[in-house]
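The structure appears right after this line, and notes come after that.
Every number for a ligand or one of its atoms is a count from 1 in the order of the listing. All values derive from a computational prediction rather than experimental measurement.
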Amino acid sequence: VFTQPAELQAQLSEVEALLEHWVERQNASARLQDSMRYSLLSGGKRFRPMLALASALLIDAERTHTQSDLKPSAEFSKAAQAVACSVECIHAYSLIHDDLPAMDDDDLRRGQPTNHIRFDEATAILAGDALQTLGFQILSDLPALFPIGDLVGELAQASGAAGMVAGQMNDLLAEGQTQELALTELEAIHRNKTGALIRASVRMGAIVGGASDDKLEALTSYAEALGLAFQIQDDVLDVISDSETLGKTQGADIAKDKSTYVSVLGLDTAADLARDMSLQAKNALAIFDASADYMRSLADYVVQRRH
Ligand code: IPE
Ligand code: IPE
Ligand code: MG
Ligand code: MG
Ligand code: MG
């Protein structure tokens, strides 16, 4: 769907190495470390790191044209990579907990047994806990010339009781109800459980890049539409894909009697809405020139992806 700029590809492989490095450095018990590694380094799409890096690179590219007091470029790249690692740690933790028997009770993730199946529930819970704190530890390690407090605030807000955790809570409360959720309620769930971290990924990349207010605002609108499109497509894929392609159990939402965009709107309308949101995301990038083309292609990717 898209070609990754060479620079971004290089940064992404740095992120893989850094994630590995951070888990190694934890000095945890072997079992805990294995469990963390199992879910952090098991071939996710790395969509949130891509967003964080792309957003940082976009702002940096624009700044390079207009400003002379540049941050040292090596330091800047390292900071963008750290932000990418931090959001991926939170994401990995959220998936481990999402799959637990007390939540979605899934046994397949990325084509492998879920963490609590491969290890056990207690280990999975603790690996999730440890990955969550690791996400914040990585930010705390940034050089002081970056706005660490702002970045920590963004990530905490997005992942906590006003963001991802809130969405997960309401997702679970709505399960097995005789009545489908109203669309506005479902939208709020999706914006929290998935949208918030996607929004934080884009914003944290932009903040590290030193984005102006208007650029941060444009990127935030982009990310909000993109995050909603991402989760609507996740709901669509649960219905139209197969477990092999998805790497997770197809039909899991139906089996759990979840309210999803497909159960509320029907398949075709849900897919249409995902495409609308993807378009809306691209429209939000109007103030950027061709340097934002990669971010535009990520918006296409979100609704064209098959897993
Ligand atoms: C799955 O996220 C969970 C949702 C928020 C929909 P991804 O589809 O990004 O999962 P991985 O990391 O690529 O496996
Ligand atoms: C999960 O949404 C969102 C998270 C915060 C992890 P889903 O429950 O739909 O994600 P999948 O389909 O299991 O990946
Ligand atoms: Mg879930
Ligand atoms: Mg789930
Ligand atoms: Mg899903």
Side-chain angles (χ1 to χ4, degrees), residues 12 15-16 19 38-52 84-85 87-112 114-117 124 128 131-132 135 155 158-175 181 186 188-202 223 226-243 245-263 270 274 298 301-307:
L12 271 171
V15 165
E16 290 298 320
L19 287 172
Y38 185 74
S39 291
L40 189 62
L41 303 164
S42 54
K45 295 184 289 292
R46 304 298 193 222
F47 181 60
R48 295 151 194 81
M50 278 179 213
L51 286 172
C85 288
V87 295
E88 190 65 9
C89 286
I90 301 292
H91 172 62
Y93 127 70
S94 80
L95 294 182
I96 297 176
H97 285 195
D98 181 75
D99 290 334
L100 285 168
M103 295 188 72
D104 289 353
D105 193 13
D106 272 310
D107 53 17
L108 191 68
R109 170 75 60 190
R110 297 170 179 163
Q112 301 286 331
T114 46
N115 197 297
H116 66 274
I117 299 284
L131 285 169
Q132 180 180 21
L155 192 60
S159 43
M164 186 269 286
V165 172
Q168 291 286 67
M169 182 80 249
N170 290 332
D171 173 287
L172 293 172
L173 288 172
E175 209 176 274
L181 284 177
L186 184 60
I189 289 174
H190 279 29
R191 285 187 185 278
N192 276 331
K193 75 172 184 178
T194 302
L197 193 57
I198 286 178
R199 179 180 186 273
S201 303
V202 170
L226 188 76
L228 188 53
F230 190 91
Q231 185 59 44
I232 298 173
Q233 183 70 7
D234 184 83
D235 291 352
V236 166
L237 290 175
D238 185 78
V239 175
I240 65 170
S241 192
D242 54 86
S243 301
T245 310
L246 282 176
K248 48 190 189 185
T249 309
Q250 184 272 331
D253 294 336
I254 301 158
K256 279 286 209 170
D257 201 10
K258 297 253 190 204
S259 273
T260 68
Y261 268 72
V262 178
S263 73
L298 283 177
Y301 162 74
V302 156
V303 290
Q304 288 167 20
R305 70 198 175 97
R306 283 292 165 261
H307 70 94

Exercise for review: Take L226 and L51 through the test side-chain contact (heavy atoms from CB on, under 4.5 Å) and record every step on the way to the result.
Suggested key: CA-CA 10 Å; L226 188 76; L51 286 172; 3.6 Å; yes

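- Per-residue contacts place K45 under 4.0 angstrom from the following atoms of ligand 1 (heavy atoms of the residue considered): 7 (P), 8 (O), 9 (O), 10 (O), 11 (P), 12 (O), 13 (O).
- Here the CG-CG distance, from L40 to L95, works out to 10.5 Å after rounding to the nearest 0.5 Å.
- Between R46 and ligand 1 there is no heavy-atom distance shorter than 4.0 Å.
- A salt bridge links K248 with D234: the closest approach of a Lys/Arg side-chain nitrogen to an acidic carboxylate oxygen falls below 4.0 angstrom.
- Proximity of a side-chain donor or acceptor of S159 to a complementary backbone N or O of L155 within less than 3.5 Å is detected.
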Point to revise | Derivation and outcome, side-chain contact (heavy atoms from CB on, under 4.5 Å), residues Y301 and M50 | key: CA-CA 12 Å; Y301 162 74; M50 278 179 213; 5.8 Å; no

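- Using cut-offs of 30° and 60° for the angle between ring planes, the H190 and Y261 rings count as tilted.
- Shown here are the salt bridge (Lys or Arg N to Asp or Glu O under 4.0 Å) partners of R109, two or more places apart in sequence or in another chain: D98, D99.
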Report every pair formed by an N or O atom of ligand 2 and a protein N or O atom separated by less than 3.5 Å, giving atom names and the distance to 0.1 Å.
unit_1   : atom_1 : unit_2 : atom_2 : d
ligand 2 : 8 (O)  : D98    : OD1    : 3.2
ligand 2 : 8 (O)  : D98    : OD2    : 3.1
ligand 2 : 8 (O)  : D104   : OD2    : 2.7
ligand 2 : 9 (O)  : Q231   : NE2    : 3.4
ligand 2 : 9 (O)  : D234   : OD2    : 3.1
ligand 2 : 12 (O) : D234   : OD2    : 3.2
ligand 2 : 12 (O) : K248   : NZ     : 3.0
ligand 2 : 13 (O) : D98    : OD2    : 3.0
ligand 2 : 13 (O) : R109   : NH2    : 3.0
ligand 2 : 14 (O) : R109   : NH1    : 2.7
ligand 2 : 14 (O) : R109   : NH2    : 3.2
ligand 2 : 14 (O) : K248   : NZ     : 2.5

Practice item. Evaluate the side-chain contact (heavy atoms from CB on, under 4.5 Å) criterion for residues Q233 and R306: first the C-alpha distance (whole Å), next the side-chain angles of each, then the deciding distance (0.1 Å), finally the verdict. Key: CA-CA 9 Å; Q233 183 70 7; R306 283 292 165 261; 3.5 Å; yes

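- With a cut-off of 2.8 Å, the protein N/O/S atoms near the Mg ion (ligand 5) add up to 1.
- Remark: side-chain polar atoms of Q231 are not paired, donor with acceptor, to backbone N or O of G195 under 3.5 angstrom.
- With sequence neighbours left out, D253 forms a side chain to side chain contact (heavy atoms under 4.5 Å, CB included) with D235, D238, K258, T260.
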